[in-house]
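A quick write-up on the structure given underneath.
Chain A is the first sequence line, chain B the second, and so forth, proteins listed ahead of strands; every chain is numbered from 1.
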Protein chains: 2
Amino acid sequence: MGSEQCRTEDLCDRSQRVEPTEAEVARDRSQPGEPSDAALVRDRSQPVSIRDVARAAGFSYQTVSRVINESPNVSDATRDAVLAAIAELRFRPNRAARALAGGPLQAVTVLATSTSLYGYAAAIEGIEEATREVGFAMGFRTLKGVEPEAMHEAVERAIEPASGLIVIAFDPAGALALECVPPEVPTAAMIQAPAAGLTPAPSHVWIDEFAAAKAATKYLLDLGHQTVHHVPIPDWSGSTPRLAGWRAALQEAGVQPGLVLKGGWTAEWGYEAGLALAKQPEVTAVLCGNDEIALGLMRAMYENGRAIPEDVSVIGFDDVPYARFAFPALTTVRQDFKALGRVCFARLLELGEAGLSIGHAETPQAELVVRETAGPPASATEGSSARPPPRATA
Amino acid sequence: MGSEQCRTEDLCDRSQRVEPTEAEVARDRSQPGEPSDAALVRDRSQPVSIRDVARAAGFSYQTVSRVINESPNVSDATRDAVLAAIAELRFRPNRAARALAGGPLQAVTVLATSTSLYGYAAAIEGIEEATREVGFAMGFRTLKGVEPEAMHEAVERAIEPASGLIVIAFDPAGALALECVPPEVPTAAMIQAPAAGLTPAPSHVWIDEFAAAKAATKYLLDLGHQTVHHVPIPDWSGSTPRLAGWRAALQEAGVQPGLVLKGGWTAEWGYEAGLALAKQPEVTAVLCGNDEIALGLMRAMYENGRAIPEDVSVIGFDDVPYARFAFPALTTVRQDFKALGRVCFARLLELGEAGLSIGHAETPQAELVVRETAGPPASATEGSSARPPPRATA
DNA sequence: CGATATCCTGCATACGTTTTTCCAATCTGT
DNA sequence: ACAGATTGGAAAAACGTATGCAGGATATCG
């Protein structure tokens, strides 16, 4: 109701001011003369321009532009008047026009391999939330099915004027994409870990997965397991921080490292690895590259009569929402990708000349969440029970 | 090879033509005179404009525009020459400029409550894939935390010139957002089901969940269950197609309907519902509003000594990727949200005046995927076993 | 009180594209 | 061969915003 009334007033105000200065309208709307009924045509979806605001406030539209862009050379009185007019008219700047005129950063495009994998989806959610706070638009482009040779082209396509880039470089495709970004494009990235030796770019963010994997592996070792096996997530440089952390813990404990299986992102990979591992009775503990893998592996273990955690302990990575409802509930390393997304966008903002920033952007810590899938090895208590799984076929 | 040669010729052509006509360049680049070194400044991220293409092809830049927009009044020879120049220079039209000049639809913004819930993530993936095929940009905006009163404002903010809208209206917030979209904005939507009685908008798409829920319920009934209970997903109008289908199957079978629990989207809700249901021995079959709910419910059942499927059968909805790796593997109703996303975008495209379209866009069918969580009730075979779950605490 | 520095504002132009208008060239039919 | 019809291509005006430049107003100082 209130807003309804407000809008009516706006209309009145506007028509009252505009009517007597028909000439002014024509002059103001486009430098050379123009059919004077221009005002009547303004009923499109984005009807109010800075010119309308300027007219309402009684200044030239350039001054309005200065207010919007927080130019220092505007008197407080003018600024307030313009701001009031902006609020009054519910003006929102036209993104396309700003971009065209070389305005400041006002959008991000996220480049990622997937939207449905948990880590990616959560990161996107965090980024979106952050963009909303500062009025940025968020675009999205997938890297799926892009051949390495075509990556340059794919990245180029994602670049728009007045728009930054956030690359989720958790996987080979993402990392390659990151390398393909021209240096002049404002870019931030979520990476697995900074390259060894090099000082990481300030706009690259990551969670310390090395330490987390090491701690998780140590946790299993401390439980009494002889060694720990690993099913990694995909990588392209021969290792991942998760794998490296696992290896480091094993070395530190002076223990012979377990097997490294073939890795992937999905439960299928975990299932395959589980099938292979289940056949080997000496396998009692597995650190999985992510929770999907862990879930698939657990399934394979059960199918082969290996009880969890009695016969084999499993630890996942990420803490997907359903991990705690798995059966048994999955012990895992929680990673707050949403928070990391926020941080990443904050870094991008710091790159831009715009004085914008968002609140609450601290790099999250990984954290071991102990639930039910990890316990002492059977040898530490009694013989393996190898109880068959609770299936209908039992 | 042929095209290779062609390109070389173009290059020669170009340098020969451009060099001697420095003045022409200046004239061409901006109507009033301009510092003639403008060409030197062109080393930004989007360096090549239609003017560059025109110069390379030997035509005016307006002709290039016509070729791009497939205007009929361009000779084949001219078109080919321009197209060659475009390929040569790797020209890509500037989205902002096209939008500003009132060009055709070239972007979509997806409005949805969540990115991480499976159905949403999959739909987004489908939409993204489809947008890529026709060179559209894809934006994304979340509805999370938007109060109903603020919805209009939130939707308005998501509207950009030359950009359509896709609303994922599976939930109350999405449905409200859909209502808030001004009629002049090209919009398509994914909905739960068309409103009863009304002819659905041609740009609204949905999967026949009613039939699927009915079939799933019937499947349980045919297995010998006395009745089926239901844990719904959230809704605002008192029902959902899934719930209605469930009820219809029960009515058709002349069976007293089971309980309708309080619903939500996540496993937590299913867990709570499961806790309540597990206490009632007469509960032998539950249709869940989605797979997360089913997983949470299964967990609650196990914790209370109710074996699945021996004591209670469970059917989920959606077929999330990890459903088949759950333990027992979840019987569920598969829904191809990715395909639905494609279809939705195809509908949006049909709305636009642009003659664009994408391949492979048929509304997907829901499909019951029989796995391990549904079986005949214990009464149909013998007494309930109530075997304790395979936990460490056992 | 006048001069100078400072601050604010308006003017003109640019951004890359679409679109409308218009003219020239080509083709058709007789 | 000529009038008319048709077609191909060019010119110019938008679209909404940003910004360098210059001029005007105001404040400060001598």
* Structure fact -> The nucleotide from dC8(C), dG16(D), dA10(D) with an atom nearest the side chain of S60(B) is dA10(D)

* With sequence neighbours excluded, residues passing side-chain hydrogen bond (donor to acceptor under 3.5 Å, both in side chains) with E133(B) -> R342(B)

* Return no unless some side-chain N or O of S75(B) is found under 4.0 Å from OP1 or OP2 of dT7(D). => no

* Asked: For S163(A), which residues count as a side chain to side chain contact (heavy atoms under 4.5 Å, CB included) partner, sequence neighbours excluded?
  -> A107(A), T109(A), E160(A)

* **Candidates dG10(C), dG16(C), dT17(D) - which lies nearest the side chain of F91(A)** => dT17(D)

Each nucleotide N or O in nucleotides 18-24 of chain C that has a protein N or O under 3.5 Å away: list the pair and distance.
residue: dT18(C); atom: OP1; partner: N69(B); partner atom: OD1; Å: 3.2
residue: dT18(C); atom: OP1; partner: N69(B); partner atom: ND2; Å: 3.2
residue: dT18(C); atom: OP1; partner: R98(B); partner atom: NE; Å: 2.7
residue: dT18(C); atom: OP1; partner: R98(B); partner atom: NH2; Å: 3.0
residue: dT18(C); atom: OP2; partner: S65(B); partner atom: OG; Å: 2.8
residue: dT18(C); atom: OP2; partner: N69(B); partner atom: ND2; Å: 3.3
residue: dT19(C); atom: OP1; partner: G102(B); partner atom: O; Å: 3.4

* Asked: When the distance from CZ of F59(A) to C1' of dG24(D) is rounded to whole Å, what number comes out?
  -> 15 Å

* Contact class for S71(A) vs. all strands (heavy atom < 4.0 Å): base, sugar-phosphate, or nothing? -> nothing

* Heavy-atom pair with the smallest gap, counting every atom of V146(B) and A154(B) -> CG1-CB, 3.9 Å

* Asked: Separation of N94(B) atom CG from dC15(D) atom P, in whole Å?
  -> 18 Å

* To do: Can you sort out the partners of A81(A) under side chain to side chain contact (heavy atoms under 4.5 Å, CB included), two or more places apart, ordered by chain and number?
  => F59(A)

* **Which residues share a side chain to side chain contact (heavy atoms under 4.5 Å, CB included) with A201(A), sequence neighbours left out** => S203(A), H204(A)

* **Helix axis bend for the helix from dC1(C)-dG30(D) to dT30(C)-dA1(D) - C1'-based end axes, five pairs, 10° rounding** => 30°

* **Listed partners of Q106(A) passing side-chain hydrogen bond (donor to acceptor under 3.5 Å, both in side chains), at least two apart** => none

* To do: Determine: side-chain N/O of T78(B) to OP1/OP2 of dG8(D), distance under 4.0 Å, yes or no.
  => no

* To do: Could you name each residue pair satisfying side chain to side chain donor-acceptor pair (under 3.5 Å) that touches residues 76-86 of chain B, not counting sequence neighbours?
  => S75(B)-T78(B)

* Those residues that, when tested against R141(B), pass side-chain hydrogen bond (donor to acceptor under 3.5 Å, both in side chains) (two or more places apart) -> E128(A), T131(A)

